[in-house]
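Just so you know, these numbers use all the heavy atoms, side chains as well, and skip hydrogens, waters and symmetry mates. Predicted model, so just to flag it, every value in this text is computed and none were measured.
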There are 4 protein chains.
Amino acid sequence: MVYRRTKKVDQKLEARLQAIMQAAKEEFARHGFYGTSVKDIARRAGVGIGTIYLYLRNKEALFTALVNEAYEMVLERIAQARKNTAGGRQKLQVSMEAALAVLQENRDLARVMLVQSPAGHPAVAEQLYDLLRRLTQLVEEDVLEGIQRKELPPQDAHVAALAFVGTFYQVVISWLKEGIPSDLTLAGKELVAYNLRGLGYDLEGDIGNG
Amino acid sequence: MVYRRTKKVDQKLEARLQAIMQAAKEEFARHGFYGTSVKDIARRAGVGIGTIYLYLRNKEALFTALVNEAYEMVLERIAQARKNTAGGRQKLQVSMEAALAVLQENRDLARVMLVQSPAGHPAVAEQLYDLLRRLTQLVEEDVLEGIQRKELPPQDAHVAALAFVGTFYQVVISWLKEGIPSDLTLAGKELVAYNLRGLGYDLEGDIGNG
Amino acid sequence: MVYRRTKKVDQKLEARLQAIMQAAKEEFARHGFYGTSVKDIARRAGVGIGTIYLYLRNKEALFTALVNEAYEMVLERIAQARKNTAGGRQKLQVSMEAALAVLQENRDLARVMLVQSPAGHPAVAEQLYDLLRRLTQLVEEDVLEGIQRKELPPQDAHVAALAFVGTFYQVVISWLKEGIPSDLTLAGKELVAYNLRGLGYDLEGDIGNG
Amino acid sequence: MVYRRTKKVDQKLEARLQAIMQAAKEEFARHGFYGTSVKDIARRAGVGIGTIYLYLRNKEALFTALVNEAYEMVLERIAQARKNTAGGRQKLQVSMEAALAVLQENRDLARVMLVQSPAGHPAVAEQLYDLLRRLTQLVEEDVLEGIQRKELPPQDAHVAALAFVGTFYQVVISWLKEGIPSDLTLAGKELVAYNLRGLGYDLEGDIGNG
DNA sequence: CATGAATGAGACTTCATTCAT
DNA sequence: GATGAATGAAGTCTCATTCAT
């Protein structure tokens, strides 16, 4: 009798993987990479230790997978938002809002990626920096475009982009660690203004129109 | 003659402590807290393992001491700079310049504190956040003062302060990890402009005067 | 089929725990607490080092468990013997015999408890003294009863009880360390006579009847 | 100029050795062999660590020396007492009293020898057993003599001697650890009676005459 | 003679990963 | 597929002993 991979079996496997990922997310978010043992994750996921190794190569791969999940989630959400938007300034604005929204919706994942990630294996930390690099690049392109169109004064676009991303990073970290600001979306409005001003956009009379 | 604590002996002890701290700084900067073993540090410092424990209580204390060194260096340098300066905007400007200068002069220490610190024991990571908190508070006070004096438009001073600090954090991280911008002091000029604009200062005609 | 806790598995686990306890018993009996490393025990038990920590919290717990085992064995055996006996003198007599019998049957355990125990952690040494205290108290009660019934002359019951217990302690130690007397049970007969006389019982014509 | 070993120098050396021995006595008495570090002893003696090694080969030798001191003190005191005494029974009696007296006068030393000694290196523990062996032998000879003279009933003299010594051992341990009996000399009277009766001496009308 | 800084062997313990069931 | 008992490498830290000062 041949073993047949039925849809039901597939679903069960998928569910199990999700349970593991969810458990890992919660444990890593709270105790970091080194403070979390594989046993902890297995217990929380309600599976055996060995089972985890059926789904993930090792502990580092598990951590990497989570960071990657957050990574792609953020980028995709931003891409989605930009697709339906035209104009450098608008693009920047919707990007910021999208990023904050997705992080607010996935607090544990955000914590893993932004707070705990640097604590993991260097290779894992690299992922976070890669994300920040891509975000920075995105912003840099918009800034360059703005400069070209004379919407923005001449400036070092790379430094500006880093500063831009940095404002978000810091606010999100504070939100994750201190709970302040309590509402990321609200704080986002302020951030948008800060950064657009910072870049040199003329906001006369239209703050908050976005 | 009995063993006497001569000036020469004292110097040697001090030198040895410095050798250990320096070795630790380099190892931690490169491999992080968990990626560095006490043995590694001992070897690099050219001392026995046990020797390290004559100077520091344990591995965590060694790490803490380094972060603390950076911490105090940064704060003191900023305090010094502010002491001889009047005016909210000027104070912010010299603070930024002082912070960047001291970090540029102590790259390994900066790396330990900013990049590797979150990876250490939670207690150690807390130190970094404490520094960032204090810097944020400093900025927040200046911002509030600016708003009161009508030099700045009304805004959420806390979010603004976080954003302000975030721009520096991100630029410094990039400098530490990518080497870009290559010159922190130069980038500082851009950052100053970005943040003063972001806060809402009117920079007409005087960008770069600081 | 999933991993199931079958009877066979349980037996194996129990056997392994016993192997570890037995190995520890032998090593501790010969080399004491500080003279025995966990590695030694693991090697003798034929298991990995880490395995020991699956069964016992740490080295001290392993030692404590052994002393406790001996402790309870002795007390239970004495309680058993006294349950079926009436009369102060008879109770003392069967207690002595029971104690000697159980020690003779568990030589390594006796060695761990009586010879090596004081060498372990202070907390562990305390267990031995606790046992001796309880035995002394038991005897003291019997002595007081005998005095009340005028079967014994007035005397310091506590000192008498200590002396009583001391005779056994010393003989057992000699047996453990020198092998003399070779037969504890036989020596017991002499000890019984010695102590009953010492306490002041009138043994005229009935020595050895017990 | 030749260095001359004056009496004054000799005295100073002797005093230093005594300070070390005294410090060691106190530390070992309280914390045992493994619980006491050479540094502890040096600090208490008010000398440098290295100085200890000028007087004693190593830590074990220091401990051994102390046990030996107690050892010889006890034996010598007993010998002294027996020298001026005739008669088996009297000899036993004065021996007991001498032993208790010397222990009472040297509580720390007693603690090192009786309580902490088994905790030290096996070689050190051996010394204690050696002392007990010699005491036992002494008693055994007296008992044999008593039997020969028909002052004592026939019995296993070795077991009797062990029992005899054991009563003292236990009472002294209790005194050292619990402080009960509070007065060793007083308890000694009871012990003497216990043991003489235990051996089979006829004490009619003369208890306490010794 | 005296000192105490320096050393490193060795002890305990943890935990990621494997594999027989 | 699923499990968790078993493993042992590797890490941190202690402390008896040495030796330059």
Side-chain angles (χ1 to χ4, degrees), chain A residues 3 5 9 12-13 16 34 36-43 46-62, chain B residues 1-6 8-10 12-13 16-17 34-42 46-60 62, chain C residues 1-6 8-10 12-13 16-17 34-42 46-60 62, chain D residues 3 5 9 12-13 16 34 36-43 46-62:
Chain A
Y3 179 93
R5 176 157 244 152
V9 168
K12 198 175 144 201
L13 292 186
R16 215 165 255 253
Y34 287 105
T36 300
S37 71
V38 175
K39 203 176 179 178
D40 292 338
I41 297 170
R43 194 165 18 225
V47 303
I49 298 173
T51 306
I52 290 186
Y53 286 85
L54 294 176
Y55 291 87
L56 284 312
R57 198 171 7 57
N58 55 27
K59 187 185 175 186
E60 189 183 331
L62 180 49
Chain B
M1 194 51 156
V2 304
Y3 185 101
R4 207 141 50 81
R5 189 167 214 115
T6 61
K8 206 163 142 201
V9 169
D10 265 3
K12 199 175 144 202
L13 292 186
R16 212 164 261 253
L17 174 58
Y34 288 105
T36 301
S37 74
V38 174
K39 207 175 181 176
D40 293 338
I41 297 171
V47 303
I49 297 173
T51 305
I52 292 193
Y53 289 88
L54 290 180
Y55 292 87
L56 283 313
R57 197 164 59 288
N58 54 28
K59 186 185 174 186
E60 189 183 333
L62 180 49
Chain C
M1 195 50 156
V2 303
Y3 185 98
R4 206 140 50 84
R5 188 165 216 120
T6 61
K8 208 161 141 202
V9 169
D10 264 2
K12 198 174 145 202
L13 292 186
R16 212 164 261 253
L17 173 59
Y34 289 104
T36 300
S37 72
V38 174
K39 205 174 180 178
D40 293 338
I41 297 171
V47 302
I49 297 174
T51 306
I52 293 193
Y53 289 87
L54 290 180
Y55 292 87
L56 283 312
R57 198 165 57 289
N58 55 28
K59 188 186 175 187
E60 189 182 333
L62 180 49
Chain D
Y3 180 92
R5 176 158 245 150
V9 168
K12 197 174 146 201
L13 291 186
R16 215 165 256 251
Y34 287 104
T36 300
S37 71
V38 174
K39 202 175 179 179
D40 292 338
I41 297 171
R43 192 163 20 225
V47 301
I49 299 172
T51 307
I52 291 187
Y53 287 85
L54 294 178
Y55 292 86
L56 284 313
R57 201 171 6 51
N58 55 27
K59 187 184 177 187
E60 189 183 331
L62 181 49

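Atom-to-atom, CD1 of I49(D) to C1' of dT14(F) comes out at 13 Å; the value is rounded to the nearest Å. Regarding L54(B), its CG atom lies at a distance of 6 Å from the P atom of dA6(E), rounded to whole Å. The CG atom of L17(C) sits 15 Å away from the C1' atom of dA6(F) (whole-angstrom rounding). Rounding to whole angstrom units, CZ of residue R43(A) and P of dA2(F) are separated by 20 Å. Regarding L56(A), its CG atom lies at a distance of 16 Å from the C1' atom of dT18(E), rounded to whole Å. Residue I52(C) contributes atom CD1, which lies 11 Å from atom P of dT13(E) at whole-angstrom precision. As a whole-Å value, the separation of N58(C) CG from dA11(E) C1' is 13 Å. Computed from coordinates, the K39(B) NZ to dG10(E) P distance equals 13 Å when rounded to whole Å.
Listed nucleotides: dT17(E), dA5(E), dC12(E). Nearest to the side chain of V38(A): dT17(E). Of the candidate nucleotides dA5(F), dC12(E), dT3(F), dC12(E) has the atom lying nearest to any side-chain atom of Y53(C).
Considering I52(A), T51(A), L54(A) in turn, T51(A) is the only one that fulfils the side chain to side chain contact (heavy atoms under 4.5 Å, CB included) rule with R16(A).
Taking a pair to require two hydrogen-bonding distances under 3.5 Å in either a Watson-Crick or a G-U wobble arrangement, dT21(F) pairs with dA2(E).
Counting non-hydrogen atoms under 4.0 angstrom, T51(B) reaches a base of the nucleic acid.
Rounding to the nearest 0.5 Å gives a distance of 5.0 Å between CD1 of I41(A) and CG of L62(A). One distance of note links CG of D40(B) with CD1 of I49(B); it measures 9.5 Å at 0.5 Å rounding. Atom CD of residue E60(D) and atom CZ of residue R57(D) lie 7.5 Å apart, to the nearest 0.5 angstrom.
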message: Apply side-chain contact (heavy atoms from CB on, under 4.5 Å) to residues L56(B) and L17(B) and explain how you reach the verdict.
response: CA-CA 9 Å; L56(B) 283 313; L17(B) 174 58; 4.1 Å; yes
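Between Y55(D) and G50(A), the residue whose closest nucleotide on DNA chain E is further toward the 5' end is Y55(D). Across the interface with DNA chain F, nearest-nucleotide mapping of G48(A) and K59(B) shows G48(A) to be the residue nearer the 5′ end.
Contact annotation: R16(C) side-chain N/O to dA5(F) OP1/OP2 distance is not under 4.0 Å. The phosphate of dT17(F) has neither OP1 nor OP2 within less than 4.0 Å of any side-chain N or O from R57(D).
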